[in-house]
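Notes follow once the structure below has been shown.
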Amino acid sequence: MRNDLWQHAIEAIESYASKLDKLPITPRVEPADIRSLLKPFDFARQIDAKEAVNFVVESLCLYQTHTGHTRFFGLFDPATTTVGIIADALAAAFNPQLAAWRMSPFPIEVEQHLVRAFGSRFGYQPEQTDGTFTSGGAEANHTALLTALTDTFPNFASEGLRAQTAQPIFYLSSEGHHSFVKAARMSGLGMTCLRIVPVNDNLQMDVGVLSSCIAQDKSEGLAPFMIVATAGTTNAGVVDNIEAIATIAGDERIWLHVDAAWGGAVAMVPELCHLLSGIERADSITFDPHKWFSVPRGAGLYLTRHMDILERTFHVATAYAPRKRALTDAVDPFTHSMQWSRRFIGLKVFLSLAVVGWDGYAATVRHQIAMGDYLRGQLESAGWSVVNNSSLAVICFFDGTHLEGESAIYLESIAEEVVSSGQAWISTTCIGNSKPVLRACITNHRTGTEDVLALIQTLSQARLKVALKFEQACEPAAR
Ligand SMILES: *Cc1c(COP(=O)(O)O)cnc(C)c1O
């Protein structure tokens with residue numbers, strides 16, 4: 001019975017993998033459709049396991065955006081590695097409890113091994129790297145905020161923010177990630193503690209403004225405690241000038257966090273890692289293996305070169321937790337991170353990295369950047385105007401062939417046409433807080449030139465339709 005069910009699940013997974021690229025990427029469906037599908041499930045009667053699995057498999061095929069599709073040019077949502085999927089099943093099946101070392105020696109040491117391995121890729125000394133796996137980048141960034149507060153304000157852990165005589169302030173560029181907005185709220189700081197630093201023409205944090213902001217805040221008796229540099233912005237794939245920011249952070253004695261959730265992967269590519277130059281000076285780093293490392297969601301990583309800071313931030317003593325005592329250098333993750341009971345997040349990263357290797361990941365990143373360059377060229381030849389200047393595979397563009405081609409409403413209509421065609425997936429965004437653009441990102445390691453050309457074709461068709469709609473809308477009504 002068990003065996004039969006497993007065979008069935010494996011067949012379902014493999015069948016999805018083989019037909020994924022032929023499915024419409026985005027479903028056409030409304031909330032009411034799904035709700036009526038779920039209505040029969042009142043859980044008053046039991047149903048056969050196979051039947052239940054089939055229902056879920058069919059519904060997942062029909063009613064989700066297939067981010068693993070080669071023509072998904074979306075946010076940083078890659079196709080997954082096969083061993084990553086297997087790892088998630090193994091983690092569920094063996095279900096190790098990663099709260100305390102004594103409960104899960106192998107899983108916890110696997111994760112610590114990875115923490116040191118990733119630390120050294122970012123230029124930390126492996127034996128001077130600590131860290132924790134997280135659900136994703138948002139939790140890693142929240143962790144960074146808490147560690148920076150704990151490090152800067154010695155009584156933060158015991159007495160909290162209300163004990164601080166000076167208002168803590170931290171800095172993020174206007175292109176930085178919005179998870180810091182939530183982190184500011186969740187930590188009790190509130191939004192007014194977050195300074196949004198404007199960007200320069202390259203969409204990098206304006207370091208001149210950063211410096212004067214800090215000087216101004218200090219002169220007003222406020223307490224700057226963290227600067228966030230972004231390595232690979234969500235909007236446009238831009239890497240801040242980490243060296244310059246690190247120098248300011250060093251001079252001002254402020255915690256430097258680098259949010260490299262996506263862009264951190266270029267550290268694996270010898271000829272590109274200079275883009276992250278200065279990241280080794282960061283006090284902490286966010287890196288998301290569930291982005292460019294193509295493991296199933298959720299796998300984030302918080303790294304730091306301060307060996308004691310996680311312990312200082314998260315340590316608690318309980319009578320009921322198993323003791324690690326007598327193990328001086330072993331870590332109990334529950335005293336070291338936000339989560340308590342925790343699944344084996346690192347396994348999918350371990351298996352994927354063991355199988356793909358650093359060189360395999362370097363090749364993947366290189367390929368995707370090459371496809372990004374190819375897409376840029378093809379867009380320009382087809383009359384689209386590329387506006388962002390990124391070495392990475394995010395391309396922001398507008399329609400240079402139409403009078404309305406730079407307006408938000410026109411570009412949103414194009415994106416809608418593309419998405420509703422089911423042939424490709426792109427989105428819109430607004431860069432520098434003022435410029436509406438279409439955004440396409442190469443985020444799948446299997447995306448090739450034929451997929452790029454298909455996107456160009458889908459975009460051309462969308463442009464024809466939208467241009468027609470705009471012309472009709474402009475015609476005098478009374479004719
Ligand atoms: C994706 C991303 C985040 C958020 O990470 P999640 O894994 O979605 O929680 C934060 N910062 C940057 C730069 C990102 O790209």
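Ligands are counted one by one from 1 in listed order, and the atoms in each one are counted from 1 as well.
In terms of polar-atom proximity, defined here as any N/O pair under 3.5 Å, Phe76 makes no such contact with ligand 1. Close N/O approach between Thr230 and ligand 1 is not found [any backbone or side-chain N/O within under 3.5 Å].
Which parts of ligand 1 touch Ala261 is read off a 4.0 Å heavy-atom cut-off, strictly below it: atoms 2 (C), 11 (N), 12 (C), 14 (C), 15 (O). For ligand 1 and Asn141, the ligand atoms under 4.0 Å from any heavy atom of the residue are 10 (C), 11 (N).
Under the rule for a salt bridge (charged side-chain N to carboxylate O under 4.0 Å, His left out), Asp33 has no partner lying at least two apart in sequence or in another chain. A search for salt bridge (charged side-chain N to carboxylate O under 4.0 Å, His left out) contacts involving Arg121 returns nothing, not counting sequence neighbours.
Stacking of Arg195 on the aromatic ring of Phe225 is not recorded, the 6.0 Å distance cut-off and the 45° axial limit not both being met. Judged by a 6.0 Å distance limit and a 45° cone about the ring axis, Lys348 is not positioned over the six-membered ring of Phe293.
Ion pair Arg71/Asp21 not flagged as a salt bridge, since none of the NZ, NE, NH1 or NH2 atoms sits closer than 4.0 Å to an Asp/Glu carboxylate oxygen. Under a 4.0 Å N-O distance rule, the pair Glu14/Lys19 does not qualify as a salt bridge. Salt bridge status for Lys291 with Asp77: absent, with no side-chain N to carboxylate O gap under 4.0 Å. Between Asp130 and Arg116 there is no salt bridge, since no side-chain nitrogen of the basic residue lies less than 4.0 Å from a carboxylate oxygen of the acidic one. The residues Glu406 and Lys435 are annotated as salt-bridged, a charged nitrogen and a carboxylate oxygen being separated by less than 4.0 angstrom.
Residue-level proximity to ligand 1 for Glu139 is absent, since no heavy atom of it falls below 4.0 angstrom. Residue contacts with ligand 1, taken as heavy atom pairs separated by less than 4.0 Å, do not involve Leu75 at all.
Residue-ligand proximity: Lys291 is placed with a non-hydrogen atom under 4.0 Å from ligand 1. Within the structure, the closest approach of Gly232 to ligand 1 falls below 4.0 Å when heavy atoms are considered.
Distance from atom 6 (P) of ligand 1 to its nearest protein heavy atom, with residue and atom name: Gly137 N, 3.2 Å. Of all protein heavy atoms, the one lying nearest to atom 9 (O) of ligand 1 is Ala138 N, 2.8 Å. Looking only at protein heavy atoms, the nearest one to atom 7 (O) of ligand 1 is Asp288 OD2, 2.6 Å. Atom 11 (N) of ligand 1 has as its closest protein heavy atom Asp259 OD2, 2.6 Å.
Within the set Glu175, His177, His178, the minimum heavy-atom distance to atom 3 (C) of ligand 1 is found for His177.
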